[in-house]
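Report on the following structure.
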Amino acid sequence: GKPRLAERIAGLGLAAALLGELAVESRIELRQGTVTVLDSAPCDDALAGRVLEFLKQEEHPTRTWLAFFAQSAHNEVGRRLHAAGLLSRETRKRPWQSGRWVPVSPSVAARPTAQLCTVLIRGQDLDERSVVLLGLLRATGLDQPVLWEVRHTAPEALRRVGEALVALEPSL
């Protein structure tokens with residue numbers, strides 16, 4: 001339940017993940033430092049839909065969108081995970097401190113990391129979403145604590161990750 005990243009870095013990582021979701025679904029494309037909407041049809045997910053609506057309204061450099069979405073990404077993603085039953089809001093004892101999102105179960109919180117590490121250690125093929133996630137882990141510095149077991153058990157898997165990242169389409 002304790003954050004592993006500074007709030008600013010976590011916000012930028014979550015903002016990048018929100019854009020990455022849309023890019024993986026071919027809803028947007030990132031070209032030459034800008035975001036282009038390819039498919040403006042309504043999204044099944046409310047948060048993805050709100051992000052897409054913002055992107056449809058105005059044109060800004062990708063960096064500007066990342067900074068904008070980073071301001072609210074932590075709470076927006078927290079609410080999404082709360083609605084899915086994965087997080088709960090823990091209130092603080094002091095009224096001036098805001099609450100924080102905590103996993104409802106340590107095992108549920110650890111499952112995505114365990115699955116990703118297992119795939120890497122076993123040498124299985126990575127899907128596009130997993131490769132994007134690995135890129136976000138690397139960009140935020142979370143690859144060090146998250147992939148420590150892979151680093152010690154199957155270091156060659158990390159070379160494969162680097163190759164998979166390079167092989168992603170440029171938009172991702």
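Note that the structure is a prediction, hence the values are computed from the model and not measured.
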Pairwise side chain to side chain donor-acceptor pair (under 3.5 Å) hits with a residue in residues 153-170, at least two apart:
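Passing the test, one end in residues 153-170: no pairs.
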Should [X] and [Y] count as side-chain neighbours, where that means a heavy-atom distance under 4.5 Å?
| X | Y | result |
| --- | --- | --- |
| Leu55 | Leu22 | yes |
| Leu158 | Arg151 | yes |
| Arg100 | Leu87 | no |
| Thr36 | Ser171 | no |
| Glu53 | Arg50 | no |
| Trp65 | Thr34 | no |
| Glu21 | Leu18 | yes |
| Leu86 | Pro103 | no |

If you measure from [atom1] on [X] to [atom2] on [Y], what distance do you get to the nearest 0.5 Å?
| X | Y | atom1 | atom2 | value |
| --- | --- | --- | --- | --- |
| Glu7 | His74 | CD | NE2 | 7.0 Å |
| Ser26 | Leu38 | OG | CG | 7.0 Å |
| Ile121 | Leu116 | CD1 | CG | 9.5 Å |
| Glu29 | Leu172 | CD | CG | 9.0 Å |
| Leu30 | Thr62 | CG | OG1 | 4.5 Å |
| Leu12 | Gln71 | CG | CD | 10.0 Å |

Does Val51 form a side-chain contact (heavy atoms from CB on, under 4.5 Å) with Ile28? I'd like the steps, not just the answer.
CA-CA 11 Å; Val51 170; Ile28 64 169; over 6 Å; no
Nearest heavy atoms of [X] and [Y], plus distance in Å:
| X | Y | value |
| --- | --- | --- |
| Leu14 | Ala73 | CB-CB, 3.7 Å |
| Trp101 | His82 | CZ3-CB, 3.6 Å |
| Ser40 | Lys56 | CB-CD, 3.1 Å |

Parallel, tilted or perpendicular: rings of Phe54 and Phe69 (30°, 60°):
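Perpendicular.
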Verdict with supporting geometry, Leu134 and Leu147, side-chain contact (heavy atoms from CB on, under 4.5 Å):
CA-CA 9 Å; Leu134 287 162; Leu147 302 177; 3.8 Å; yes
Crowded around [X] [atom1]? As in, over 12 foreign heavy atoms under 6.0 Å?
| X | atom1 | value |
| --- | --- | --- |
| His60 | NE2 | yes |
| Arg89 | CZ | yes |
| Gln57 | CD | yes |

After noting the C-alpha distance and the side-chain angles of Val37 and Leu52, does the key distance pass the side-chain contact (heavy atoms from CB on, under 4.5 Å) rule?
CA-CA 8 Å; Val37 175; Leu52 191 60; 4.0 Å; yes
Pair Leu120, Leu126 - check side-chain contact (heavy atoms from CB on, under 4.5 Å), show working.
CA-CA 8 Å; Leu120 289 169; Leu126 296 165; 3.9 Å; yes
Just checking, is any N or O donor in the side chain of Asp127 or Ser130 under 3.5 Å from an acceptor N or O on the other one?
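Yes - a donor-acceptor pair under 3.5 Å links their side chains.
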